[in-house]
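Everything on this sheet refers to the single structure shown next.
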Amino acid sequence: MASEATSVRQEPLEPSGAGAAIERWTLTAGPYEASVLTLGATLHTLSGPDRSGRTAQLLLATDRLPEILGPARHYGTVVGRYANRIDRSSVTIDGEEHQLAPTGGGMTIHGGPDGFAHRMWAAEPVEGGVRLALHSPDGDQGFPGALDVTVTYTLDASGELVIAYRAVTSKPTVVNLTNHAYFNLSGEGSGDVLGHLLTLDADAYTPADERQIPYGRTEPVSGTPFDFTVAAPIGKSVHDEHPQLTGPGGYDHNWVLRARPADGSPARAALLEDPVSGRTLEVLTTEPGVQVYTANKFQGAVTGASGVPYGPFAGIALETQHFPDSPHHPAFPSTELRPGEEFRSTTVLRLGIAGAAGTPAAEGTDR
């Protein structure tokens, strides 16, 4: 829980011009700080100390408005109404087909060409953080039902950032929300994350076609480059000649998390550790899956505060969510939301230092 010691301040992203309309909310608690933008309900920055007490900004981010609106438009944003991919740009609910706004490649990704990541959200302070709200009208990007969404960020002095999503609808619809932050625990612009150690609490993943649309089945990770059940460097297998890796040029896949607690509380999904700085990131969630994307296709189009353009593997996204293309695969966990129900999802980002009290350590580097 965020404590009363957390300070919350609001200011414009830029003092003048288009950026003046975008609010930046900064949460500070002890040595940790996070900032959130009203554009896209974006987790814009997240900083914390290393084992020597030196603080660094740990998300890929830019303050340049043209880059935020262009190549960085999904950096740290809340994506929806349906995160990830929906094949054929259509969903069928109660026997009625709904055509969605396409984004190319025969699919709709991240909610459509004008998804939630591109919207201005209304913000208000809450204890220890900020709550953002968005109204998505019936038919928005082709999705049925008017959807009212809130996303609340709270931070505490232990380095725990909680992201809580809530949504209600006026008609049966589908909902899948996530945050699209890219992490580099050495600090943004410090190089690639291939030396970071990754553990995933997942024994299976959903193999996908060349467009990263799942086939609708799960396969065990054991004996494959997708086995992170014990901590391993991201770069250990990312370039393997595995048919699931050669197309995307690295990881861009959904892992099937182990069963979540029956009481709906978040459970661990991933542990990321940087051996150089000693920083760790533990990810807990109520969601059944996590999409891991290792920024394979980055080509230096975005430059952060470090002044270093972001190239391939400059960060890693750990997108807690339901599975891609679930509306077309009845065996996948359902993403349907109906009137009278409330969509509820919580993800916790817990920063720490390897070896520090209360910080989980990686279990080794051999799989």
Side-chain angles (χ1 to χ4, degrees), residues 78-101 107-112 115-116 134 136 138-151 163-180 201-209 211-219 253-267 269 283-292 318-347:
V78 169
V79 290
R81 173 177 312 193
Y82 196 99
N84 220 308
R85 296 150 174 83
I86 295 180
D87 196 15
R88 303 190 297 277
S89 296
S90 71
V91 294
T92 299
I93 303 173
D94 296 340
E96 182 180 356
E97 184 177 18
H98 302 270
Q99 289 297 319
L100 310 179
M107 63 180 164
T108 294
I109 187 169
H110 293 334
F116 291 178
L134 180 71
S136 173
D138 185 13
D140 188 1
Q141 303 296 287
F143 290 95
L147 196 74
D148 288 293
V149 186
T150 64
V151 180
I163 311 174
Y165 307 84
R166 303 288 185 267
V168 294
T169 183
S170 65
K171 295 179 182 179
T173 192
V174 292
V175 179
N176 190 24
L177 303 176
T178 193
N179 184 276
H180 209 294
D201 288 26
D203 301 307
Y205 76 108
T206 53
D209 66 17
R211 298 172 301 149
Q212 301 311 113
I213 300 285
Y215 294 119
R217 64 179 187 269
T218 64
E219 291 186 359
H253 295 78
N254 170 67
W255 269 257
V256 180
L257 296 175
R258 294 170 189 151
R260 305 290 90 186
D263 65 1
S265 59
V283 181
L284 301 90
T285 188
T286 56
E287 290 295 299
V290 58
Q291 182 87 9
V292 177
L318 299 167
E319 305 162 55
T320 54
Q321 57 190 262
H322 272 57
F323 302 172
D325 200 35
S326 288
H328 291 133
H329 303 292
F332 286 178
S334 175
T335 55
E336 288 190 3
L337 180 69
R338 295 180 175 273
E341 300 175 344
E342 183 181 42
F343 172 89
R344 299 173 67 89
S345 176
T346 301
T347 291

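From a predicted model like this one, the values you see are computed outputs, not experimental measurements.
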Is there a side-chain contact between [X] and [Y] in this structure, where contact means two heavy atoms from C-beta onward sitting under 4.5 Å apart?
X      : Y      : answer
Arg260 : Thr286 : no
Pro214 : Arg85  : no
Val91  : Glu97  : no
Val290 : Asn254 : no
Val149 : Leu177 : yes
Phe332 : His322 : no
Tyr82  : Val175 : no
Arg81  : Val174 : no

Checking [X] now: which residues fulfil salt bridge (charged side-chain N to carboxylate O under 4.0 Å, His left out) with it, not counting sequence neighbours?
X      : answer
Asp203 : Arg258
Glu342 : Arg344
Glu341 : none

Rounded to the nearest 0.5 Å, what separation is found between the [atom1] atom of [X] and the [atom2] atom of [Y]?
X      : Y      : atom1 : atom2 : result
Gln321 : Asn179 : CD    : CG    : 11.0 Å
Ile213 : Thr206 : CD1   : OG1   : 10.5 Å
Leu147 : Leu134 : CG    : CG    : 8.5 Å
Thr320 : Trp255 : OG1   : CH2   : 14.5 Å
Ile109 : Asp87  : CD1   : CG    : 11.5 Å
Leu100 : Asp140 : CG    : CG    : 10.5 Å

For [X], all residues meeting side chain to side chain contact (heavy atoms under 4.5 Å, CB included), sequence neighbours excluded:
X      : answer
Pro261 : Asp263, Ser265, Ala267
Pro207 : Tyr205, Tyr215, Arg217, Glu219, Gln244
Glu96  : His98

TODO: Apply ring-ring contact (aromatic ring centres under 6.0 Å, His included) to His110 and list each qualifying residue two or more places apart in sequence or on a separate chain.
DONE: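 His110 satisfies ring-ring contact (aromatic ring centres under 6.0 Å, His included) with His74, His180 once adjacent residues are dropped.
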Task: Which residues share a ring-ring contact (aromatic ring centres under 6.0 Å, His included) with Phe343, sequence neighbours left out - done: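 Phe343 satisfies ring-ring contact (aromatic ring centres under 6.0 Å, His included) with no residue once adjacent residues are dropped.
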Checking [X] side chain against [Y] main chain: does a donor-acceptor pair fall under 3.5 Å?
X      : Y      : answer
His253 : Gln212 : no
Ser326 : Thr335 : no
Thr108 : Ala101 : yes
Thr173 : Pro144 : yes

TODO: Start with the C-alpha distance between Ser136 and Phe116, add both sets of side-chain angles, then the distance that settles side-chain contact (heavy atoms from CB on, under 4.5 Å), and finish with yes or no.
DONE: CA-CA 8 Å; Ser136 173; Phe116 291 178; 3.7 Å; yes
- [ ] Check the side chains of Asn84 and Glu319 for a donor-acceptor pair under 3.5 angstrom, ignoring hydrogens and angles.
- [x]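 Absent: no donor and acceptor within the cut-off.
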Task: Ser345 and Glu287 side chains, donor-acceptor separation under 3.5 Å - done: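 Checked: Glu287/Ser345 side chains pair up, N/O donor to acceptor below 3.5 Å.
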Going by side chain to side chain donor-acceptor pair (under 3.5 Å), name the residues that satisfy it together with [X], two or more places apart in sequence or in a different chain.
X      : result
Thr178 : none
Asp201 : Arg268
Thr150 : none
Arg338 : Asp94, Glu336

Task: side-chain contact (heavy atoms from CB on, under 4.5 Å) assessment of Arg88 paired with Met107 - done: CA-CA 5 Å; Arg88 303 190 297 277; Met107 63 180 164; over 6 Å; no
TODO: Verify side-chain contact (heavy atoms from CB on, under 4.5 Å) between Thr346 and Ile163, making sure each step is shown before the conclusion.
DONE: CA-CA 6 Å; Thr346 301; Ile163 311 174; over 6 Å; no
Task: Full working for side-chain contact (heavy atoms from CB on, under 4.5 Å) between Leu284 and Thr347 - done: CA-CA 6 Å; Leu284 301 90; Thr347 291; over 6 Å; no
TODO: Compare every heavy atom of Ala202 with every heavy atom of Val256, then report the nearest pair and how far apart it is.
DONE: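 Between these two residues, the closest heavy atoms are O-CB, 3.1 Å.
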- [ ] Of all the heavy-atom pairs spanning Pro172 and Pro339, show the shortest one and how long it is.
- [x]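 For Pro172 and Pro339, the tightest heavy-atom pair comes out as N-CD, 3.7 Å.
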- [ ] Indicate yes or no: does Arg166 engage Asp148 in a salt bridge with an N to O separation below 4.0 Å.
- [x]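 The answer is no: the pair does not qualify as a salt bridge.
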